[in-house]
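Residue numbers start from 1 in every chain, and the chains themselves are labelled A, B, ... in the order their sequence lines are given, proteins ahead of strands. No hydrogens, no waters, no symmetry mates; every other heavy atom, side chains included, goes into these values.
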2 protein chains.
Amino acid sequence: MSDLVEFRNLKYLIAVAEEGNITRAAKRLYLAQPSLSTQMKGLEEALQVPLFIRDRNGVHATPAAEILITGGRELLKLRDGLIATARALHRVTFTPMRLGFSSFVDHALYEMVCSVHTSLFPECEIASKSGDNVELLLLLQRGEIDAALLTLPVSGAGLKTYPFAKSRLVVCMKADDPLARLKEIAPQELQAKLTIFQEPKQHPEAHLRLMEMLDEVGIRGDVASKTTTPHNMQWMVESGQGYALVREGSEMHIGLVTRPVTGVTWTVDSALILGKSTSQKTIPGLIRELRKRLRLQASPSSASKPPRSVRPDIEGENLRLFA
Amino acid sequence: MSDLVEFRNLKYLIAVAEEGNITRAAKRLYLAQPSLSTQMKGLEEALQVPLFIRDRNGVHATPAAEILITGGRELLKLRDGLIATARALHRVTFTPMRLGFSSFVDHALYEMVCSVHTSLFPECEIASKSGDNVELLLLLQRGEIDAALLTLPVSGAGLKTYPFAKSRLVVCMKADDPLARLKEIAPQELQAKLTIFQEPKQHPEAHLRLMEMLDEVGIRGDVASKTTTPHNMQWMVESGQGYALVREGSEMHIGLVTRPVTGVTWTVDSALILGKSTSQKTIPGLIRELRKRLRLQASPSSASKPPRSVRPDIEGENLRLFA
DNA sequence: GTTTTGCCATAGGTAGGAAGTATTGGACAG
DNA sequence: CTGTCCAATACTTCCTACCTATGGCAAAAC
């Protein structure tokens, strides 16, 4: 009877009651709304107790539900305490999570990974290490870091990679550039003006792939300026050295704008890469949680054409975090 | 992190610790031993804490596990209390469970069903109704009982039937009968002496089927005496009126013995049958729990030949409780 | 009045996990 | 050396929690 109520159910119940709205609660729990709906219905059925008054703009807990909610909060707290105590007793000391990240990975992603990690493992420190792809891959191979956030493709043999986020590449230019008036830029307009690139040595495969992609639309990759960080890229654009390709949605210096390129959908893919045989025990939990959360913020996939990716899809090598 | 620990896990942990032996705990929990083993291993992994010292004759909880166990007991108790309170608040009054049973269903089965039901729903009364198959089916059809324990086959259209237990039929005779010296009785020995049967009107289909089965081994069904209960059957055997077929393992009057019949494996199948459209809310829970428990005590399936069953297997109609 | 928006519910499919069976391996006892 | 008793492993099966897609309904917006 009571075996039908698990901590999970209480957690969901509480979230729904607190939000007064299943849809919002689902978001908070990183679930789809119908899942939560059916869960709540199942709970009502299992207990044979109506838990919510449904009404046009949300739900409202019944008195019986209120009991469960207050009690449930208590229980959840007790559980956390209990587990913490048990673990403390065994002096579970985590070795710090050694996490590398390339500066060409969206900083927000990096922060989200960190915050997920610390919320799962508060006692476990994170030792960050930034660097370019080549460096980080080497460190992964050597086991000097446990995982890294990189942009694809990666060539390292036997490294587990979890593709993570796809973002579209757009042209970055000065706001007062004549082309900035257009909603979209035709590829041929870029010829000779697209000159600012990430230092190729930092990620040879990605650079090569990018050149190929440019070539396909008839642009000769004209690497006049090389930079090591996205910020530098923007400064170069500001100083009028040409255009650059940046991730759509990335934070822009004032005075700069981005424009999509007509007829193509280039994307950069970020991924979490695991080291060869790391002893970091937090990794399975981290992956699990990230998988759950990232499902939701998966790209809107508005692209009509199949997107051209900087990552040539090699299936089997990649363990997708989302479909 | 702590989301990896559910009430279920605590319950398992406690059972294992209390029994000091995974195999025994599994039995208590109506689980298979490997399932429980992997659960415990998973828990240790999730928490990153060793929970048991494995040793030659069992397992022994570590101090960390002890913490979880005492805390877990508390939590489980709190959960039960919480749910009880919530349900009380909504005055969940169950209508009594109206359960019919035929006297030809093993009484132990009936009792087990009742005990499962009351352990799941302590507040729900059980109103029992005994009778023969025909009567009970009629009551089910009319919705005057919620469920019934019957022997198969049942002809009622549209009734959900959950096959439940299979037991072998053996010949019942006096201990001083000359044939009682034999381990097994050859079918032809029964000719003319197998004369005591359940009143055919109580279950026409089963009777018919039984006659067919006898016919197949060359015995003419010679219904000299008809009885309405297994006890009457035994009295008739005692008074020397002939042999009867009874369920193997059923309780015997003193002075009577049972012997298997060579070369055949006749069985009676019992089943839980649900009424047409009962409003009894406890039924889903009951079914669920029975399914779990009965898996374990499924027949040892020692029969070399496929057993000849009083239930002609009509698939699709029957929802099996076990495979 | 029609459309849009913001809810929740239902339907149907998928995949991961918890269950099962069968088997192995280790440590004793006879 | 064999039989017994445990737990662990390997593999399979099945359930259910979750997904996406869609529908219905009421209030708000046009």
Side-chain angles (χ1 to χ4, degrees), chain A residues 3-9 11-13 16-17 19-27 29-46 50-61 284 287-289 291-298 300-301 319-323, chain B residues 3-9 11-12 16-17 19-27 29-46 50-61 284 287-289 291-301 319-323:
Chain A
D3 281 351
L4 301 175
V5 180
E6 289 290 354
F7 281 115
R8 184 172 38 81
N9 303 113
K11 198 173 98 181
Y12 291 175
L13 174 67
V16 171
E19 298 287 347
N21 175 316
I22 295 188
T23 310
R24 240 178 353 251
K27 241 166 228 147
L29 294 165
Y30 303 101
L31 285 179
Q33 169 264 315
S35 310
L36 196 52
S37 267
T38 45
Q39 284 293 318
M40 297 327 278
K41 195 184 158 194
L43 194 57
E44 289 182 310
E45 204 140 289
L51 296 174
F52 294 107
I53 316 285
R54 272 83 167 165
D55 111 329
R56 16 241 131 273
N57 39 342
V59 296
H60 178 103
I287 296 289
R288 198 191 157 89
E289 185 67 18
R291 164 183 252 126
K292 181 172 180 180
R293 300 216 183 171
L294 291 176
R295 228 188 272 282
L296 263 203
Q297 62 186 55
S301 76
L319 308 167
R320 338 299 303 285
L321 265 175
F322 52 84
Chain B
D3 280 350
L4 300 176
V5 180
E6 289 290 353
F7 282 116
R8 185 171 35 82
N9 304 113
K11 197 172 98 181
Y12 291 175
V16 171
E19 298 287 345
N21 173 316
I22 294 189
T23 310
R24 245 185 341 259
K27 245 169 223 142
L29 294 166
Y30 304 101
L31 285 178
Q33 169 263 316
S35 309
L36 194 51
S37 266
T38 44
Q39 282 296 316
M40 297 327 275
K41 195 183 159 196
L43 193 57
E44 288 182 310
E45 204 140 286
L51 296 173
F52 293 106
I53 317 287
R54 272 82 168 163
D55 110 328
R56 26 237 121 273
N57 40 340
V59 296
H60 178 104
I287 295 290
R288 198 190 157 89
E289 186 67 19
R291 163 182 255 126
K292 181 171 181 182
R293 299 216 183 169
L294 290 177
R295 231 189 269 282
L296 263 205
Q297 62 186 55
S299 59
S301 77
L319 309 166
R320 338 298 307 281
L321 266 173
F322 52 83

Self-check item: Validation row: A:H60, A:D55 side chains within 4.5 angstrom (heavy atoms)
Solution: no
Quiz item: Taking OP1 and OP2 of C:dG6, is either one under 4.0 Å from a side-chain nitrogen or oxygen of A:N21?
Solution: no
Quiz prompt | Heavy-atom side-chain proximity of A:Y12 to A:I22 below 4.5 angstrom | solution = no
Exercise. Considering just the side-chain nitrogens and oxygens of A:S37, establish if one lies under 4.0 Å of OP1 or OP2 belonging to C:dA9.
Key: yes
Practice problem: Pick base, sugar-phosphate or nothing for B:G58, based on heavy-atom distances below 4.0 Å to the nucleic acid. | Solution: sugar-phosphate
Exercise. Find the distance B:E19:CD to D:dA7:P and express it as a whole number of Å.
Key: 11 Å
Quiz item: What nucleotide among D:dA7, C:dA18, C:dG20 has an atom nearest to a side-chain atom of B:L31?
Solution: C:dG20
Quiz item: Of all the nucleotides listed (C:dT10, D:dA8, C:dA19), which has the minimum atom distance to the side chain of B:R8?
Solution: C:dA19
Quiz item: Under 4.0 Å between a side-chain N or O of A:S35 and OP1 or OP2 of D:dA17?
Solution: no
Self-check item: Atom pair NZ/CG of A:K11 and A:N9 - distance to nearest 0.5 Å
Solution: 10.5 Å
Self-check item: Selected nucleotide, minimal atom distance to B:R54 side chain, candidates C:dG16, D:dA7, C:dC8
Solution: D:dA7
Quiz item: Under the side-chain contact (heavy atoms from CB on, under 4.5 Å) criterion, do A:V5 and A:D3 qualify, and how do the steps go?
Solution: CA-CA 5 Å; A:V5 180; A:D3 281 351; over 6 Å; no
Exercise. Whole angstrom is fine here: how far is it from OH in B:Y12 over to C1' in C:dG17?
Key: 12 Å
Quiz prompt | Whole angstrom value for the distance that separates P of D:dT16 from CD of A:E6 | solution = 13 Å
Self-check item: Separation of atom NZ in A:K27 from atom P in D:dC18, rounded to whole Å
Solution: 17 Å
Practice problem: Rounded to the nearest angstrom, tell me the gap between atom CZ in A:F7 and atom C1' in D:dA17. | Solution: 19 Å
Practice problem: Can you tell me the distance, in whole Å, between the CG atom of B:N9 and the P atom of C:dG17? | Solution: 13 Å
Quiz item: From C:dG20, C:dC7, D:dT9, pick the nucleotide closest to the side chain of B:K41?
Solution: D:dT9
Quiz item: To the nearest Å, how far apart are A:N57 CG and C:dA9 P?
Solution: 14 Å
Quiz item: Shortest non-hydrogen contact from B:L36 to B:V16?
Solution: CD2-CG2, 3.6 Å
Quiz item: Nearest to the side chain of A:T23 - C:dC7, D:dA17, D:dC6?
Solution: C:dC7
Quiz item: Choosing from C:dC7, C:dA19, D:dA7, which nucleotide comes nearest the side chain of B:Q39?
Solution: C:dA19
Exercise. Measure the spacing between OG1 of B:T38 and CD of B:Q33 and express it to the nearest 0.5 Å.
Key: 9.0 Å
Quiz item: Does atom CZ of A:R288 have more than 12 heavy-atom neighbours, drawn from other residues, nucleotides or ligands, at distances under 6.0 Å?
Solution: no
Quiz prompt | Phosphate OP1/OP2 of C:dG20 contacted by B:Y30 side-chain N/O (<4.0 Å) | solution = no
Quiz prompt | Distance below 4.0 Å between B:T38 side-chain N/O and C:dA18 OP1 or OP2 | solution = no
Quiz item: Could you write nucleotides 22-30 of chain C as a row of B, S and -, 5' to 3', where a protein heavy atom under 4.0 Å of any base atom gives B, of only sugar-phosphate atoms gives S, and otherwise -?
Solution: B----SS--
